[in-house]
There are 2 protein chains.
Amino acid sequence: MSETQPRRRGRPPGDGREAILEATGDLLRERGISRLTTREVAARAGVSEASVFYHYGDRAKLLQAAFDRGLAPLLAIAAQGEVAGADRHQVLERVGRGIERFLMEAMPILTAAQSDAELRDELAAMMSERDLGPHRGVSRVGDYLAAEQAAGRVRGDVDPHAVAASFVGTCVMRAFQATMHLPTRRLPPLSAVIDALDTMLEPPPG
Amino acid sequence: MSETQPRRRGRPPGDGREAILEATGDLLRERGISRLTTREVAARAGVSEASVFYHYGDRAKLLQAAFDRGLAPLLAIAAQGEVAGADRHQVLERVGRGIERFLMEAMPILTAAQSDAELRDELAAMMSERDLGPHRGVSRVGDYLAAEQAAGRVRGDVDPHAVAASFVGTCVMRAFQATMHLPTRRLPPLSAVIDALDTMLEPPPG
DNA sequence: GTCTATAGGTTGATAGAC
DNA sequence: GTCTATCAACCTATAGAC
């Protein structure tokens, strides 16, 4: 993590550990967890298979490490502060893109875990414990809309968190579709959804 | 499929083919595709492993058959007619529950396919060819809202299909969360989202 | 830390009797 | 159609040299 020496270009010689983790993540996304063998990982990382086990003990621990890294964006977005900004439309645009981007990184991990009940349950336990999940995004956006509502800039007769759920849900749907390698072009663009929600959130004149 | 004889109770003797397919689906949902071995399938179906290969040729074709069956609800919802009804709130409630129910059935199949690039790409090709996906639900709900808009029962300054996307997205998010065995209780209930959208869709008085 | 070589176990698939 | 028995391939993991 911390280095006093100036960084050199390329991978430091002998840093097989990092190369292995990177190869694992790449294979996980490209070929899927079923095709993820320690053989393939070693080959792509340019090391021997024994090195994989030397560094990570067994396949399960290697997967765990790859999952931890792959879910980092999910932790990052959860750790972010409050949502704020002058223009509501711009705020939703920025937050929505962020959620989609984060989900696109994490989604392959989430779906990969579904291939094995043990992995799935471990992941579910971890996420429950840390209170992770889409509801975090919903809370963040919902709190923002609630503040806007309190300031009189959002109509008072709707539940801000319910609207936030529909917004985050749109992002989840789009990310899920993209992860499955299905075209998202048949879905309304995110900006259109933001336009509609933004318009409907406007307080009635008078 | 068609039988002139009166049906007997229970599984007909010697219908191993059906038992195998059922066992495959069960294992797929319960333990995940990585743990789905022909051995386990045979054991749960109460037949020998050779029977599995006799009926389905190889593991890939067995999976294909299980996928076809598991995605039937997706085909069913796509084949449904137009959405209609007197009360908009009730219509959204009914359609939303339907989408959630269908997705809860199909989601394990969709995520299972992500474990193998070959399966994933085959599924994506099949869905593209048949024009399947969340956008079908979005279209159906969007067309309904557009009709309501034309009838003056939905405000005219929003894109009905964009609102429909946010609605279907909510259902996708909830189904995805449930499939991952994460609690959906931290998300706003679907009825709250319907309430909010319904309220916001109301045309301004006057 | 990294390698080669290999043990040990699991899996998909086939052969042949009934 | 269903079974038992078996095989070849593959995968995880370890041993031991460098």
Side-chain angles (χ1 to χ4, degrees), chain A residues 1 3 5 8 10-28 30-67 112-113 115-119 122, chain B residues 1 3 5 8 10-28 30-68 112-113 115-120 122:
Chain A
M1 294 298 182
E3 276 292 344
Q5 304 284 343
R8 291 175 183 256
R11 188 186 309 284
D15 193 2
R17 188 182 169 86
E18 187 59 22
I20 290 167
L21 198 55
E22 203 163 308
T24 304
D26 291 348
L27 282 174
L28 208 54
E30 291 171 24
R31 305 190 36 183
I33 193 171
S34 289
R35 300 288 184 92
L36 183 95
T37 66
T38 51
R39 263 182 169 73
E40 286 284 337
V41 169
R44 178 172 291 219
V47 301
S48 78
E49 212 176 338
S51 275
V52 175
F53 290 94
Y54 172 80
H55 284 294
Y56 291 96
D58 59 20
R59 184 180 186 270
K61 293 197 192 71
L62 172 63
L63 277 178
Q64 186 59 54
F67 278 24
S115 69
D116 186 305
E118 198 171 312
L119 283 177
E122 275 178 23
Chain B
M1 290 297 180
E3 277 292 342
Q5 303 284 342
R8 289 175 184 258
R11 188 187 308 286
D15 192 3
R17 189 182 168 87
E18 187 59 22
I20 290 167
L21 197 54
E22 204 164 306
T24 303
D26 290 349
L27 283 174
L28 209 54
E30 291 172 23
R31 305 190 36 184
I33 193 172
S34 289
R35 299 287 185 91
L36 183 96
T37 64
T38 51
R39 263 179 168 72
E40 285 284 337
V41 169
R44 178 172 293 220
V47 301
S48 77
E49 207 176 344
S51 276
V52 176
F53 289 95
Y54 171 80
H55 284 295
Y56 293 96
D58 59 21
R59 184 179 185 269
K61 294 198 191 71
L62 172 64
L63 278 177
Q64 186 59 52
F67 278 24
D68 285 348
S115 69
D116 187 303
E118 200 171 309
L119 284 177
R120 178 196 64 198
E122 273 176 25

Point to revise | Check: A:I33 and A:L119 side chains under 4.5 Å, non-hydrogen atoms | key: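 Yes, close enough: below the 4.5 Å cut-off.
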
In whole angstroms, how far is the [atom2] atom of [N] from the [atom1] atom of [X]?
X	N	atom1	atom2	answer
A:R35	C:dG12	CZ	C1'	14 Å
B:D15	D:dG1	CG	C1'	11 Å
A:L27	D:dC11	CG	C1'	15 Å

Review point. A:R44 side chain to A:A23 main-chain N or O, any donor-acceptor pair under 3.5 Å?
Key: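 No; zero donor-acceptor contacts below 3.5 Å.
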
Practice item. Please check if the side chain of A:R59 supplies one atom and the backbone of A:L36 the other of a donor-acceptor pair under 3.5 Å. Key: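 Side chain of A:R59 to backbone of A:L36: a pair is present.
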
Revision key, fill the gap. Contacts of A:T24 meeting side-chain hydrogen bond (donor to acceptor under 3.5 Å, both in side chains) (sequence neighbours excluded), chain-then-number -> none

**Study point:** Residues A:E30 and A:R35 bridged, charged N to O under 4.0 Å
**Key:**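 Looking at A:R35 together with A:E30, the answer is no, because their closest N to O distance does not fall below 4.0 Å.
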
Point to revise | Sequence-aligned protein contact record of nucleotides 12-18 of chain D, with B where the base is within under 4.0 Å of a protein heavy atom and S where only the sugar-phosphate is | key: BBBB---

